[in-house]
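Below is one structure, written out as structure tokens, with a few remarks after it.
Note on naming: letters A, B, ... go to the chains in the order of the sequence lines (proteins, then strands), and numbering restarts at 1 for each one. Source: prediction; values computed, not measured.
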Number of protein chains: 2
Amino acid sequence: MQVLYVDLVVDPYAPEPLYVQVAASLRAKIESGELAHLAPLPSEKAIEQEYEVSRDTARRAIGQLRDEGLVFTIPQRGTYVGPRP
Amino acid sequence: MQVLYVDLVVDPYAPEPLYVQVAASLRAKIESGELAHLAPLPSEKAIEQEYEVSRDTARRAIGQLRDEGLVFTIPQRGTYVGPRP
DNA sequence: GCGAATTTGTACGTATGTATC
DNA sequence: AGATACATACGTACAAATTCG
């Protein structure tokens with residue numbers, strides 16, 4: 001039986017690392033405005049469940065966006081859209 | 001019986017995270033010249049054994065020095081002292 | 001050139017701590 | 001008090017590229 005993954009945002013068989021794919025998906029939501037300025041990003045656990053990845057992968061994705069200056073994290077609070085205030 | 005850890009560079013009971021302590025130790029070796037410009041840092045595995053920490057902790061320590069611009073990493077090669085060339 | 005060893009990268013799991021809500 | 005959320009720290013496994021004998 002053939003299995004397709006067309007409904008998945010991330011593809012474990014793609015050459016790009018999973019965390020890069022998750023980051024790209026989140027980045028798209030930021031750039032489209034779906035995640036507005038100062039809006040909270042999905043939590044690590046929410047990303048785990050939404051994308052069906054490990055927490056490690058969720059954290060890497062957020063870390064990449066943080067490195068890009070797109071989001072900032074407040075420890076024990078969450079991660080928000082925008083440059084570090 | 002009282003146990004002291006005076007011989008350990010890192011102290012699991014200290015308030016600072018282990019990876020910060022490992023990074024501080026490596027930073028001191030760089031600043032003292034023990035690790036000269038372009039010299040290779042100990043590999044992740046070597047750091048694991050030297051400091052008796054997990055690879056996760058070793059990687060975090062190296063990552064911190066990289067964030068500080070003190071070292072740069074060449075994938076599948078190693079990490080070297082100096083700014084990214 | 002080949003194969004083994006080395007080294008970093010990615011990905012998963014689990015546990016604990018701490019701060020916030 | 002309990003749930004939520006991020007930070008740290010341990011472990012394992014496999015992949016990919018480089019280095020070395």
Side-chain angles (χ1 to χ4, degrees), chain A residues 5 8-27 35 38-85, chain B residues 5 8-27 35 38-85:
Chain A
Y5 290 90
L8 293 182
V9 182
V10 296
D11 173 10
Y13 301 109
E16 305 87 43
L18 278 178
Y19 80 90
V20 172
Q21 298 179 51
V22 173
S25 172
L26 293 171
R27 192 184 304 107
L35 287 172
L38 293 187
L41 240 66
S43 72
E44 295 174 356
K45 176 157 286 300
I47 292 174
E48 274 187 60
Q49 296 165 347
E50 260 187 62
Y51 294 93
E52 297 185 293
V53 296
S54 73
R55 184 162 171 215
D56 180 83
T57 299
R59 283 177 69 79
R60 282 173 191 265
I62 293 175
Q64 189 177 73
L65 298 178
R66 191 164 44 229
D67 288 348
E68 294 171 8
L70 277 179
V71 304
F72 62 95
T73 297
I74 303 179
Q76 276 71 51
R77 287 278 301 277
T79 298
Y80 303 89
V81 177
R84 177 159 293 285
Chain B
Y5 290 90
L8 293 182
V9 181
V10 296
D11 174 9
Y13 301 109
E16 307 85 42
L18 277 179
Y19 80 91
V20 172
Q21 299 179 50
V22 173
S25 171
L26 293 171
R27 192 183 304 106
L35 287 173
L38 294 187
L41 241 65
S43 72
E44 294 173 358
K45 176 159 285 299
I47 292 175
E48 276 188 57
Q49 296 166 345
E50 261 186 62
Y51 294 93
E52 296 184 293
V53 295
S54 71
R55 188 178 167 201
D56 181 82
T57 299
R59 283 178 68 80
R60 282 174 191 266
I62 293 175
Q64 189 178 71
L65 299 179
R66 192 164 43 229
D67 288 347
E68 294 171 9
L70 277 179
V71 303
F72 62 95
T73 297
I74 304 179
Q76 276 70 52
R77 284 279 300 280
T79 299
Y80 301 88
V81 177
R84 177 160 294 283

(request) Assign B:S54 to base, sugar-phosphate, or nothing according to its heavy-atom contacts below 4.0 angstrom with the strands shown. (result) base
Which heavy atom of [X] sits nearest to which heavy atom of [Y], and what is that distance?
X: A:E16; Y: A:Q21; answer: O-NE2, 2.8 Å
X: B:L35; Y: B:P40; answer: CD2-O, 3.9 Å
X: A:Q64; Y: A:A23; answer: OE1-CB, 3.1 Å
X: A:I47; Y: A:P42; answer: CD1-O, 3.6 Å
X: A:R84; Y: A:F72; answer: CA-CB, 3.8 Å

(request) Nearest-nucleotide wise, let me know which of A:R60 and A:P75 is further upstream toward the 5' end of DNA chain C. (result) A:R60
(message) Let me spell it out: for each of A:Y80 and A:A58, pick the nucleotide of DNA chain C with the closest heavy atom. Which residue's pick is nearer the 5' end?
(response) A:A58
For the residue pair [X] and [Y], establish whether any side-chain heavy-atom pair is separated by less than 4.5 Å.
X: B:D11; Y: B:L18; value: no
X: A:Y51; Y: A:L26; value: yes
X: A:V81; Y: A:L70; value: no
X: B:V71; Y: B:Y80; value: no

(request) Give me the first and last nucleotide of DNA chain C, going 5' to 3', that has any atom under 4.0 Å from a heavy atom of chain A. (result) C:dT10 to C:dC21
(request) Go through DNA chain D in 5' to 3' direction and return only the first and the last nucleotide with some atom under 4.0 Å of chain A's heavy atoms. (result) D:dA5 to D:dT8
(message) Angle between the end axes of the helix from C:dC2-D:dG21 to C:dC21-D:dG2, five pairs per end, to the nearest 10 degrees?
(response) 10°
(message) Would you say B:T79 and B:R66 are linked by a side-chain donor-acceptor pair, where the criterion is simply a distance under 3.5 Å?
(response) no
